[in-house]
Amino acid sequence: MSLTRVVMRLGRNPDAGFPDGDDEQGYVVVAPLDGDGRLDVELWRANKAKCTVDRFSPDPDEKADGWLTHRGSHWFFHYDEEGEGPDEPVYRLGDHTLRMGDYLTIHEADGDDLTYKITETTPV
């Protein structure tokens with residue numbers, strides 16, 4: 001079990017105006033992963049301050065930073081400043097593996113559900 005830097009880039013979302021995706025938009029998450037590539041709650045509890053999230057975009061107003069957060073059975077991206085937007089739930093994040101090539105759906109602050117592809121994973 002270890003912390004892993006996971007980079008997710010906007011995947012194909014034709015209905016949202018991104019038929020080819022967009023490598024300039026996405027997230028960098030430091031995640032507590034078990035040997036199977038799934039989020040590990042106990043590892044997260046022991047390393048909360050290190051489990052960060054950075055949202056990147058060419059639009060400076062869309063950038064944000066915060067933490068990977070767990071409440072109940074759900075995982076969220078929690079932002080620490082009001083202007084960065086509300087928490088973003090990741091659809092069934094606890095059920096997914098976070099490996100190269102996997103896809104995740106994130107419920108964006110503006111209400112859109114967008115699909116992201118994991119393009120990089122690096123042990124921290």
Side-chain angles (χ1 to χ4, degrees):
M1 295 189 295
S2 65
L3 296 178
T4 303
R5 180 179 176 270
V6 178
V7 178
M8 298 180 276
R9 299 182 189 281
L10 188 63
R12 295 182 66 237
N13 289 273
D15 294 340
F18 300 99
D20 298 318
D22 185 349
D23 285 346
E24 301 298 316
Q25 296 186 57
Y27 296 84
V28 177
V29 180
V30 175
L33 301 182
D34 66 15
D36 294 326
R38 295 185 188 282
L39 290 169
D40 182 287
V41 174
E42 294 307 317
L43 184 59
W44 172 78
R45 285 186 181 125
N47 294 280
K48 286 182 187 181
K50 295 178 184 176
C51 296
T52 59
V53 58
D54 290 296
R55 183 173 61 208
F56 61 89
S57 171
D59 181 349
D61 292 336
E62 295 295 319
K63 294 179 182 179
D65 62 342
W67 290 272
L68 176 64
T69 304
H70 183 266
R71 285 185 295 234
S73 62
H74 302 285
W75 292 89
F76 297 85
F77 295 162
H78 172 72
Y79 302 109
D80 56 348
E81 297 173 27
E82 186 177 322
E84 294 176 324
D87 291 352
E88 293 176 324
V90 183
Y91 182 71
R92 299 179 60 126
L93 183 57
D95 297 336
H96 288 280
T97 56
L98 300 178
R99 296 184 182 146
M100 285 285 293
D102 287 351
Y103 288 87
L104 299 171
T105 300
I106 298 174
H107 184 73
E108 305 281 324
D110 62 7
D112 286 339
D113 289 326
L114 296 177
T115 301
Y116 291 81
K117 182 178 183 177
I118 296 176
T119 59
E120 298 174 42
T121 58
T122 309
V124 176

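In this structure, the side chains of Trp67 and Lys48 stay at 4.5 Å or more apart for every pair of heavy atoms. Residues Arg99 and Asp36 are in side-chain contact: their nearest non-hydrogen atoms beyond the backbone lie under 4.5 Å apart. Counting heavy atoms from C-beta on, the side chains of Leu39 and Pro32 come closer than 4.5 Å. At a threshold of 4.5 Å between non-hydrogen side-chain atoms, the residues Leu68 and Val30 do not count as touching. Annotation: side chain of Leu104 is in contact with side chain of His96 (closest heavy-atom distance under 4.5 Å). Side-chain contact between Leu43 and Cys51: absent, with no pair of heavy atoms (C-beta onward) separated by less than 4.5 Å. Contact check for Leu98 versus Thr121: no side-chain heavy atoms found under the 4.5 Å cut-off.
Rounding to the nearest 0.5 Å places CD of Glu120 at 11.5 Å from CE of Met8. Here Thr105 contributes atom OG1 and Asp112 contributes atom CG; the two are 12.0 Å apart, rounded to the nearest 0.5 Å. A distance of 11.5 Å separates OG1 of Thr52 from CG of Asn47, quoted to the nearest 0.5 Å. Summarising the geometry, atom CZ belonging to Arg9 is positioned 4.5 Å from atom CZ belonging to Phe56; distances are rounded to the nearest 0.5 Å. Atom CG of residue Leu10 and atom CZ of residue Arg12 lie 11.5 Å apart, to the nearest 0.5 angstrom.
Minimum heavy-atom separation, Lys117 to Gly101: CE-CA, 3.9 Å. Looking at every heavy atom in both residues, Pro58 comes nearest to Pro60 through O-CD, 3.3 Å. The minimum heavy-atom distance between Arg38 and Asp95, with the atom names listed, is NH1-O, 2.5 Å. Scanning all heavy atoms of the two residues, the minimum distance from Ile118 to Val6 falls at CG2-CG1, 3.8 Å. Between Thr69 and Trp44, the shortest heavy-atom contact is CA-CZ2, 4.0 Å.
Of the candidates Tyr27, Phe18, Phe77, Tyr116 forms a ring pair (Phe, Tyr, Trp, His ring centres under 6.0 Å) with just one, namely Tyr27.
A distance-only check finds no donor-acceptor pair linking the side chain of Asp80 to the backbone of His78 [under 3.5 Å]. Checked by atom type and distance alone, the side chain of Arg55 pairs as donor or acceptor with a backbone atom of Glu62 at under 3.5 Å.
Under the 4.5 Å side-chain heavy-atom criterion for Ile, Leu, Val, Met, Phe, Trp and Tyr, Phe76 and Leu93 are members of distinct hydrophobic clusters. Criterion: ILVMFWY side-chain heavy atoms under 4.5 Å apart, direct or through other members. Under it, Met100 and Ile106 are not part of a common hydrophobic cluster.
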